[in-house]
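Read the structure below first, then the notes.
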Amino acid sequence: MVIYKVYGPPVPWAAPQRCKDSFYNPKHKEKLQVIWQLKSQVNHPPFFGPVRLDVNFYMPIPKSTSGIKRRQMLSGMIHHIGKPDRSNLLKFIEDCLQAAEAISNDSIIVAGETQKIYGEEPQTIIRLTEISLINQGMNDAS
């Protein structure tokens with residue numbers, strides 16, 4: 001298993017936007033920053049086989065939040081149910097992992113869990129685990 005840490009508020013994937021006769025990525029700067037952070041931590045060749053991707057998105061707590069509500073958020077009593085949505089956060093990270101050459105392609109991700117939770121420090125914790133053929137039951141003679 002390898003673990004990566006991306007500092008800063010989690011960033012959601014966004015569809016390319018049309019501008020006159022071309023398209024642009026509205027999250028281009030954020031994507032470059034996350035890729036840079038990931039590349040500095042990748043010390044292995046890209047995974048080519050099936051992997052499990054577990055991600056915890058630590059969302060920022062609004063500054064105006066009361067002390068009681070803040071403690072409830074940090075203890076998990078209050079969940080982050082607002083935007084950005086979990087699927088767009090995950091898609092952005094999958095794209096960045098591929099661009100940082102941690103994985104050969106995001107299609108090799110076959111399992112995993114994703115959480116949006118409040119945290120003191122906005123950040124993203126990523127765990128990539130290679131899945132062996134033995135764990136998949138592929139070595140059974142059927």
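Remember, it's a predicted structure, so these values are computed and weren't measured experimentally. The chain is numbered in sequence order, starting from 1.
In terms of modelled atom types and a separation under 3.5 Å, the side chain of Q41 and the main chain of Q37 share a donor-acceptor contact.
Clustering ILVMFWY residues whenever any of their side-chain heavy atoms sit less than 4.5 angstrom apart, transitively, puts V2 in the very cluster that holds V34. Both I117 and I3 sit in one connected hydrophobic cluster of ILVMFWY residues. Membership requires side-chain heavy atoms under 4.5 Å apart, directly or through other members. Cluster annotation: L128 is connected to V6 through the hydrophobic network of ILVMFWY side chains, with a link wherever side-chain heavy atoms come within less than 4.5 Å.
Evaluation of the salt bridge (Lys or Arg N to Asp or Glu O under 4.0 Å) test over residues 56-73, restricted to residues two or more places apart or in two chains, returns R70-E120. Applying the salt bridge (Lys or Arg N to Asp or Glu O under 4.0 Å) definition to pairs two or more places apart or across chains, none involves residues 38-49. Counting only residues at least two apart or in different chains, salt bridge (Lys or Arg N to Asp or Glu O under 4.0 Å) contacts with residues 5-19 are absent. Every pair passing ring-ring contact (aromatic ring centres under 6.0 Å, His included) that includes a residue from residues 72-91 is listed here, sequence neighbours excluded: H80-Y118.
Under the 4.5 angstrom side-chain criterion for Ile, Leu, Val, Met, Phe, Trp and Tyr, L32 has no cluster partners at all.
For S40, there are no side-chain hydrogen bond (donor to acceptor under 3.5 Å, both in side chains) partners at least two apart in sequence or on another chain. Annotation: ring-ring contact (aromatic ring centres under 6.0 Å, His included) contacts of Y58 (sequence neighbours excluded): none. Looking at residues two or more places apart in sequence or on another chain, you find a side-chain contact (heavy atoms from CB on, under 4.5 Å) between A14 and P26, K27. The side-chain hydrogen bond (donor to acceptor under 3.5 Å, both in side chains) search around K31 returns none, not counting sequence neighbours. Legend: residues meeting salt bridge (charged side-chain N to carboxylate O under 4.0 Å, His left out) with D85, ordered by chain and number and at least two apart, are absent.
Rounded to the nearest 0.5 angstrom, Q98 CD and N105 CG are separated by 4.5 Å. Atoms CD1 and CE, from I68 and M73 in turn, are 13.0 Å apart once rounded to the nearest 0.5 Å. The distance from the CZ atom of R86 to the CD1 atom of I81 is 15.0 Å, given to the nearest 0.5 Å.
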Mind listing the side-chain donor-acceptor pairs of residues 89-96 below 3.5 Å, one per line with the distance, residues two or more places apart or on another chain?
from, atom 1, to, atom 2, distance (Å)
K91, NZ, D95, OD1, 2.9
K91, NZ, D106, OD2, 3.2

Less than 3.5 Å apart, which donor and acceptor atoms pair up between the side chains of residues 42-57 and the rest of the protein, not counting sequence neighbours?
from, atom 1, to, atom 2, distance (Å)
H44, NE2, Y4, OH, 2.5
R52, NE, D54, OD1, 3.2
R52, NE, D54, OD2, 2.8
R52, NH2, D54, OD1, 3.1
D54, OD1, E113, N, 2.8
N56, OD1, Q115, NE2, 3.3

Practice task
Apply side chain to side chain contact (heavy atoms under 4.5 Å, CB included) to I126 and L38, showing your working.
Solution key: CA-CA 10 Å; I126 303 161; L38 288 171; 3.9 Å; yes
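The heavy-atom pair separating M59 from P10 by the smallest distance is SD-CG, 3.6 Å.
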